[in-house]
Each structure stands twice: as structure tokens, then as C-alpha cells.
Amino acid sequence: MLGPVILAASRSDTMRRFISAAPGTKQVVDRFIAGESVDQVVPVVRDAADKGLEVTLDVVGEDITTPEQAAAARDAYLELIGRLKELGLGARAEMSVKLSMFGQALENGHDLALANVRPVVEAAAAIGTTVTLDAEDHTTLDSMFAIHEELRKDFPQTGCVIQSYLFRTEADARRLAAAGSRVRLVKGAYKEPASVAYQSKPEIDKAYVRILKTLMQGEGYPMIGSHDPRLIAIGQELARQAGRKLDEYEFQMLYGIRSEEHVRLAAEGHRMRVYTAYGTDWYGYFMRRLAEKPANLLFFGRSVLTRG
């Protein structure tokens, strides 16, 4: 039951200061965050390509309070795309973006987020890659899906994320499982009330399988976001039953988690994409990684005690 407590702490300035100052924090953050700058993340992309892996890059940072900060987030992604173009790595890397970084929660936030994300999607398309819109808490999703639909008019390869713990997601999956769509399915990593989301792991996992079956039987491109060996095996079986070839779906896992499995799946011929976050504003992302898996929290605790 620690997960909800950790997710609540992810929005606490007091906990942010405490965690940031803890002696073992950097060791654990380095496990999940590929670096603080574009220069630090480029070697990670190259190493992944050498191993037959692809990546999706996330410039971390969600606490946007001004339009200027939202514009800076846009520019950070444009800088990243420019570097990928220079190095010829566009085909191996796509981008993942949270619309909160682009000003979604500000006044007139829907229009502001759309205006900021559009040039990022356009620049990504120009180097032969694409952008996936990450799902955040349930109050943001109607805006996210509307922006996704608008972007797909000009950039149909734009992807989006759906979360199996939300009651609404089965209907969203049926709508999104259309030709040309790209949909990443995850369990969900935000604290949501029982009025909108399943609260137990068995219920979330069952919903995940039902939704994944819908995506596999549809005409879009499913992206299986999970580290769970059982769900990975189920995903492979559902793909087989749907008659999908290995390049008609992909697996996605987080940087720093089950790295050996990344390589194993790629060696078997599967498309395997590593969700790779980087940047200086790592706190919210880091706390959700701790909340997702007790072993991550234990690893952090041992590091703090050892360094302390």
C-alpha cells in the first residue's frame, strides 16, 4: 500500500527537498534517468541502436507554472530533435511528451499546449520519427485525446498512451484501435480515486489483458508498455492469435528496469523500445518509478543508508 503514499509525496515540495538532499539519491536517480542534458543522452541512444533497440525520449519536467516555462519545454524538445538529426539517429528514436510540460494546466492551457507541441511533432516528422502523447491523471485526458486527434490530421503517425487502471480505457481503446493509430498501453502510475480507476493489481491486470486484446484485434499499432513477464507472454500470444507479424507491434520498457529483457526480446526479433528520460527536473518521474515497484523503493532505501 506504499504506492499511493509515494505518489502523494511526488507533489510535496517538502519531500522534494528531502529526497533531493538524501545521500543515496543520485545513485538511484542515475538508474532511471539517462542524464541531465542532450549530450549525456545521445550515447544512450547510440548504445541502444548498437543492441538492436529503439528508444523513446522524454525530457522530464511537469511543474510548469508560466507560459515561458512551457515555451522552454518546447525548445528543449526542438534542441533534442536537432541533435538527433545531426547524428542521423532519427530513425532509432521517437519522442514522448507530457502536455503538462507544454502548458496544459495554465490559463487557456489546451490551446497553449497544442500550439507548443505542434512544432515538436512537425520537427520530429521532418527527421523521420514521431511523437507519442503520454497520459497523465484522468482530469487531463479529454484534452490530451482532443490534441492527439487534431495532430493526427496532419501527422497521422502521432501516438498516444492509455492506462488500464482507468474505467474509461476500454472504450478509449475501441475508438483508438483503428488503421494508422499508434497506442501505448500501460497500467498507470498516478494516484486516482476509486470512482474512476481500479484499485487492486488483479483488476488492473485483467483490464490490461482485455484492452490489449482489443488493440491486437484492431487495425492500429499496439505498443505494449509493461515489465511484467506474464503480461509480456500474454502479449506475444495475443499477437500470434491476431496474426500479427513481429513488426506490427512492439514492446516498451523503462530505461534501467529489466535491461536484460530488453536485449532478449530484441534478439528474438521483436521490436523493443526503451522509454528513456533525461533532464534536471527528475523528481516527479523518479517518485512514480518508486511507487510502481516496491523493489525500487527498497533499492533507494539501501542506497540512502549506505551513503548515509
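Since the structure is predicted, the reported quantities are computational estimates derived from the model, not experimental observations.
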Show the numbers, then the answer: is there a side chain to side chain donor-acceptor pair (under 3.5 Å) between Asp228 and Ser226?
CA-CA 6 Å; Asp228 186 327; Ser226 178; 5.2 Å; no
Check whether the side chains of His138 and Gln163 place a donor and an acceptor atom closer than 3.5 Å, and report yes or no.
no
Measure the CD1-CG distance between Ile127 and Leu89 for me, rounded to the nearest 0.5 Å.
8.5 Å
Taking the basic N atoms (NZ, or NE/NH1/NH2) and the acidic carboxylate oxygens, is any pair closer than 4.0 Å for Asp137 and Lys191?
no
So, does Arg92 use its side chain to make a donor-acceptor pair with the main chain of Val45 at under 3.5 Å?
no
Cluster link Val186 to Met272, ILVMFWY, side chain under 4.5 Å
no
Evaluation steps, side chain to side chain contact (heavy atoms under 4.5 Å, CB included), between Tyr278 and Val38
CA-CA 8 Å; Tyr278 76 98; Val38 174; 3.5 Å; yes
If you apply the rule side chain to side chain contact (heavy atoms under 4.5 Å, CB included), what do you find for Ile224 with Leu231, and how did you get there?
CA-CA 9 Å; Ile224 306 166; Leu231 291 180; 5.9 Å; no
Sidechain N-carboxylate O distance under 4.0 Å for Glu149, Arg175
no
Does Arg240 come within less than 4.0 Å of Glu237, counting only side-chain N to carboxylate O?
yes
Can you get from Ile204 to Val161 by hopping between Ile, Leu, Val, Met, Phe, Trp and Tyr side chains that sit under 4.5 Å apart?
no
Will you find, in the side chains of Thr56 and Gln252, an N or O donor that is under 3.5 Å from an N or O acceptor?
no
Side-chain donor/acceptor of Gln199 to backbone N/O of Ala197, under 3.5 Å
yes
For the student: nearest non-hydrogen atoms of Leu57 and Tyr77, plus distance
O-CE2, 3.9 Å
For Thr214 and Glu170, test the side chains for any donor-to-acceptor distance below 3.5 angstrom and give the result as yes or no.
no
Flag, side chain of Tyr208 to backbone of Leu185, donor-acceptor distance under 3.5 Å:
yes
Heavy-atom pair of closest approach, residues Val117 and Ile147
CG1-CG2, 4.2 Å
Is the closest basic N to carboxylate O distance between Lys51 and Asp47 below 4.0 Å?
yes
Exercise: identify the closest heavy-atom pair between Ser181 and Arg152
N-NH2, 3.5 Å
Main-chain N/O of Tyr255 paired to Thr276 side chain as donor or acceptor, under 3.5 Å
no
Do you know which two heavy atoms are closest between Ala48 and Val55, and how far apart they sit?
CB-CG1, 3.7 Å
I would like to know whether Glu150 and Arg118 meet side chain to side chain contact (heavy atoms under 4.5 Å, CB included); could you show each step before the answer?
CA-CA 10 Å; Glu150 183 65 26; Arg118 182 179 289 278; 3.7 Å; yes
With a 3.5 Å cut-off and no angle check, do the side chains of Ser37 and Asp39 form a donor-acceptor pair?
no
Looking only at non-hydrogen atoms, find the nearest pair between Ser164 and Ala207 and report the distance.
O-CB, 3.5 Å
Give the minimum heavy-atom separation between Ile211 and Ala173, together with the two atoms involved.
CG2-CB, 3.6 Å
SB check Arg264 Glu268 (cutoff 4.0 Å):
yes
